Number of protein chains: 2
Amino acid sequence: MGESAPGHELPLRLFAAFRAAVDAVHDDLARAGHEHLRPMHGFVFQAIGTRGTTAVELGARLGVSKQAAGKTIAALERQGYVERAPDPHDARRKAVRLTDAGRDVLDRSARTFARVRAQWADTLGPDRLERLEADLADLTPGEIWRLDAPGWFGPER
Amino acid sequence: MGESAPGHELPLRLFAAFRAAVDAVHDDLARAGHEHLRPMHGFVFQAIGTRGTTAVELGARLGVSKQAAGKTIAALERQGYVERAPDPHDARRKAVRLTDAGRDVLDRSARTFARVRAQWADTLGPDRLERLEADLADLTPGEIWRLDAPGWFGPER
DNA sequence: CCATGATCGACAACCAGGTTTACTATATGG
DNA sequence: CCATATAGTAAACCTGGTTGTCGATCATGG
């Protein structure tokens, strides 16, 4: 019964693994010319997605205010990752869509995540990796698609 | 071979589990009167530890500049979590140590992490949990004690 | 013994990314 | 037709990073 490791070892290992995958993605992105993207931007690009979004919707997905989402969109627009166009059906809305550069980020991220998963399958063997995924799913049921890490981590409140 | 889930599912599950543990800790901390602590502070308290530290050392552990560490220390001092005392052996240094309130945060965090681990052992069974820990250790060898999440997540360079 | 260089902590100016409050313009439903 | 709700923007502010600079203190080599 004696657990020699301190209690925060498991959370730290979870975070380390998450971080290793994200670092791999951003290493690849940096090599592909996307130098200035930070880990947090991964959540933003996922939240925008190939279908596009709006400032309010993005804010809700990221767990931040619509104003913060608007600032993020403006910054990504300056960097050429998204473009805004008026919504033909609602003059209040501005549709935010990924440019080719933005889609490149999303595509490369997906490929690198897949590559990392393949490496992990190589290390553990496919069975243990699938078991690990299933166990994680049991521990955090339903929480998969939450992208509100920016609001979660920041100072806010 | 066909993996239907998108590649970022596994990293997201890792992050979700990490986050569930940290949220449990901060829920308990909030109930114990430590209302305003953010997830990031967990790393700071761990980096200070029961043995204390200095601004330079804390900056190195957290992966931020010594100035940022100094600001963090000043903020925690205002909130009563740490106290500074001149180092008798080196008049340049100021020893930073946790107050009783700071030690309370550390103790409660450890207890809550242990409680979460026990809950997870209950969900998966002890064998699967230990296997999960071992697998995570295989995936991220040696990366356990890195506490530089603040610098990793933030905007910086 | 002291001059030089390294180190520690602080301050200032700045930046990124959050917040709240307030506002305009546009939809929408009674 | 008007009242209300919603989308986006702007301003002022906060936190927590950054770099550059600086005075004070230690450590070392001549």
Side-chain angles (χ1 to χ4, degrees), chain A residues 26 35-45 47-48 52-79 81-97 147-157, chain B residues 26 35-45 47-48 52-79 81-97 147-157:
Chain A
H26 282 84
E35 289 281 354
H36 42 287
L37 293 179
R38 301 290 309 159
M40 198 206 56
H41 290 109
F43 292 93
V44 178
F45 277 90
I48 297 173
T53 185
T54 67
V56 166
E57 190 184 21
L58 182 61
R61 288 182 187 163
L62 296 179
V64 302
S65 65
K66 61 178 182 175
Q67 294 88 335
K71 282 190 191 183
T72 301
I73 291 168
L76 290 179
E77 191 177 31
R78 278 194 303 274
Q79 297 176 294
Y81 288 115
V82 304
E83 55 193 1
R84 271 182 286 198
D87 184 322
H89 302 321
D90 187 336
R92 294 169 305 175
R93 296 194 173 201
K94 290 183 182 175
V96 178
R97 256 173 308 150
L147 294 173
D148 55 336
W152 181 76
F153 213 81
E156 59 146 345
R157 178 102 355 257
Chain B
H26 282 84
E35 289 281 355
H36 40 289
L37 292 179
R38 301 291 308 159
M40 197 206 56
H41 290 108
F43 291 93
V44 178
F45 278 90
I48 296 174
T53 185
T54 66
V56 168
E57 191 184 19
L58 182 61
R61 287 182 187 164
L62 296 179
V64 302
S65 65
K66 62 178 181 176
Q67 293 90 335
K71 282 190 191 183
T72 301
I73 291 168
L76 291 179
E77 192 177 31
R78 278 194 302 273
Q79 297 176 295
Y81 289 115
V82 304
E83 54 194 1
R84 271 180 287 197
D87 184 323
H89 301 320
D90 187 335
R92 292 169 305 177
R93 295 194 175 202
K94 289 184 182 174
V96 178
R97 257 173 308 149
L147 294 173
D148 55 336
W152 181 76
F153 216 81
E156 56 146 345
R157 190 83 353 243

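Convention: sequence-line order gives letters A, B, ...; per-chain numbering from 1. The model shown is predicted, which means the values in this text are computed figures rather than measured ones.
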> Within the pair B/S65 and D/dT18, is there a side-chain N or O less than 4.0 Å away from OP1 or OP2?
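True: B/S65 side-chain N/O within range (under 4.0 Å) of D/dT18 OP1/OP2.
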> CZ of A/F43 versus C1' of C/dG17: gap in Å, rounded?
16 Å
> Reckon A/A91 touches a base, only the sugar-phosphate, or nothing at all at heavy-atom distances under 4.0 Å?
sugar-phosphate
> Quickly work out the A/W152 CH2 to C/dG17 P distance and round it to whole Å.
19 Å
> What integer distance in Å separates B/L37:CG from D/dG16:C1'?
15 Å
> Check this one for me: any side-chain N or O of B/R92 less than 4.0 Å away from OP1 or OP2 of D/dC22?
no
> Figure out the CZ/C1' separation between A/R61 and C/dG18, and round it to whole Å.
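The answer, rounded to whole Å, is 20 Å.
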> Would the number of heavy atoms belonging to other residues, nucleotides or ligands and lying under 6.0 Å from CZ of A/R84 be above 12?
yes
> For D/dG17, does either OP1 or OP2 sit under 4.0 Å from a side-chain N or O belonging to B/T72?
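True: B/T72 side-chain N/O within range (under 4.0 Å) of D/dG17 OP1/OP2.
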> What is the distance from NE2 of B/H89 to C1' of D/dT25, rounded to the nearest Å?
16 Å
> Measure the acute angle between the ring planes of A/F45 and A/Y81, then classify it against the limits of 30° and 60° as parallel, tilted or perpendicular.
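Perpendicular.
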> Starting from C1' on D/dG16, measure out to NZ on B/K66 and report it in whole angstrom.
18 Å
> Any donor-acceptor pair, under 3.5 Å, between the side chain of B/Q67 and the base of D/dG20, if you only look at N and O atoms?
yes
> Nearest heavy atom decides the nucleotide; on that basis, is B/T53 or A/M40 closer to the 5' end of DNA chain C?
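Checking each residue's closest nucleotide, the 5'-ward one belongs to B/T53.
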> Between D/dG8, C/dA10, D/dG17, which one does the side chain of B/R84 approach most closely?
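Ranking D/dG8, C/dA10, D/dG17 by closest atom to the B/R84 side chain puts C/dA10 first.
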> In whole Å, what is the span from the CG atom of A/D90 to the C1' atom of D/dA5?
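These atoms are roughly 12 Å apart.
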> Across the strands shown, which category fits B/A55 at heavy-atom distances under 4.0 angstrom: base, sugar-phosphate, nothing?
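Touches sugar-phosphate only.
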> Quick one: B/E77 CD to C/dG9 C1', roughly how many Å, whole number?
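The answer, rounded to whole Å, is 13 Å.
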> When the ring planes of A/F43 and B/F153 are compared, do they come out parallel, tilted or perpendicular, using 30° and 60° as the limits?
tilted
> Going by side-chain contact (heavy atoms from CB on, under 4.5 Å), A/V44 matches just one of A/V64, A/L62, A/L37. Which one?
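Of all the options given, the one that passes is A/L62.
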> Select from A/D87 and A/K71 the residue whose nearest nucleotide in DNA chain C is closer to the 5' end of that strand.
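Comparing both residues, the 5'-ward one is A/K71.
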> According to a strict under-4.0 Å criterion, is B/K94 in side-chain N/O contact with OP1 or OP2 of C/dA10?
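Checking C/dA10 against B/K94, a side-chain N or O does come within under 4.0 Å of OP1 or OP2.
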> Kindly determine whether A/V96 and A/E77 satisfy side chain to side chain contact (heavy atoms under 4.5 Å, CB included), including the steps that lead there.
CA-CA 9 Å; A/V96 178; A/E77 191 177 31; over 6 Å; no
